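Sequence lines set the chain letters: A, B, ... in the order given, protein chains first and strands last, and positions in each chain run from 1. The structure displayed is predicted, hence computed values, not measured ones.
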Amino acid sequence: MSYWLMKSEPDVFSIDDLRRKGPRGTHWDGVRNYQARNFMREMKPGDQAFFYHSNCKEPGIVGVMEVVREAYPDHTAFDPKDPHFDPKSDPARPRWYMVDVAYVEKFPRTITLDALRLNHSLAEMLILRRGNRLSVTPVTASEWKAVMKMVASSTDHSR
DNA sequence: GCCAACGTTGGC
DNA sequence: GCCAACGTTGGC
């Protein structure tokens, strides 16, 4: 099983929106970057992913979701009315892909970008690299563990 | 709203 | 294949 991190702007699609989709989840559409697309193609059902809120008041990891369907063509690329329409993606030869993800949990507190930066065991985490704008990145098992540890301790402190 | 960092596009 | 121009991302 692999681990991932996926970004979304909460004003557009938040973890609460994902929770409302229920156990079958929903498609993660709109990725228009080749590197991010390639990562999605590597995903397998059962993989776990951090849900990251970007471009908002408190950027950071807000919870966990699970991949429930492997990559398949992103139909929003074919729709001229969709904001992510790409005339170069032909239904016969789709350029963009998406996976289905389902809600697993929302953390009691956001693990903020600031907090992530302060954790030395996350120094190599892709999301923390300067200038990184990739919306889908792999996460190592040790990074996953380190973040979950931060979640556990932030929960203790909230008692 | 600003702007640095980065990816993509297209002329040559 | 180079690279300037442009568009987008995302923290601040």
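- Note: A:Trp4 and A:Phe39 have tilted aromatic rings, judged against thresholds of 30 and 60 degrees for the angle between ring planes.
- Regarding A:Lys7, its NZ atom lies at a distance of 12 Å from the P atom of B:dC6, rounded to whole Å.
- A donor-acceptor contact under 3.5 angstrom links the side chains of A:Arg95 and A:Tyr34, judged on distance only.
- In this structure, A:Leu134 atom CG and B:dG7 atom P are separated by 8 Å, rounded to whole Å.
- Judged by distance alone, with hydrogens and angles left aside, A:Arg32 brings no side-chain donor or acceptor close enough to the base of C:dT8 to form a pair under 3.5 Å.
- For the residue pair A:Ser14/A:Asp17, the side-chain donor-acceptor check at 3.5 Å is satisfied.
- Side-chain atoms of A:Arg32 and A:Thr76 form a donor-acceptor pair, as typed in the model, at a separation below 3.5 Å.
- Residue A:Ile127 contributes atom CD1, which lies 14 Å from atom P of C:dT9 at whole-angstrom precision.
- Taking only side-chain atoms of A:Arg133, from C-beta outward, the nucleotide of C:dG11, B:dT8, C:dG7 with the closest atom is C:dG7.
- Here C:dG11 presents its P atom at 13 Å from CG of A:Asp11, a figure rounded to the nearest Å.
- Note: CG (A:Asp86) to C1' (B:dG7) measures 14 Å, nearest angstrom.
- Between B:dT9 and A:Lys88, a contact under 4.0 Å exists linking OP1 or OP2 to a side-chain N or O.
- Between atom CG of residue A:Asp29 and atom CG of residue A:Asp74 there is a gap of 5.5 Å, rounded to the nearest 0.5 Å.
- Nearest to the side-chain atoms of A:Tyr52 among the listed nucleotides C:dG11, C:dC12, B:dC6 stands C:dG11.
- In terms of position along DNA chain B, the nucleotide closest to A:Asn55 lies nearer the 5' end than the nucleotide closest to the other residue of the pair A:Asn132 and A:Asn55.
- Closest to the A:Asp114 side chain, of the nucleotides C:dG10, C:dC12, C:dT8, is C:dC12.
- A:His53 places its NE2 atom 17 Å from the C1' atom of C:dT9, with the value rounded to the nearest Å.
- Put simply, CZ on A:Arg95 is 13 Å from C1' on B:dG7, counting in whole angstrom units.
- We find that CG of A:Asn33 is positioned 6 Å from P of B:dT8, with the value rounded to whole Å.
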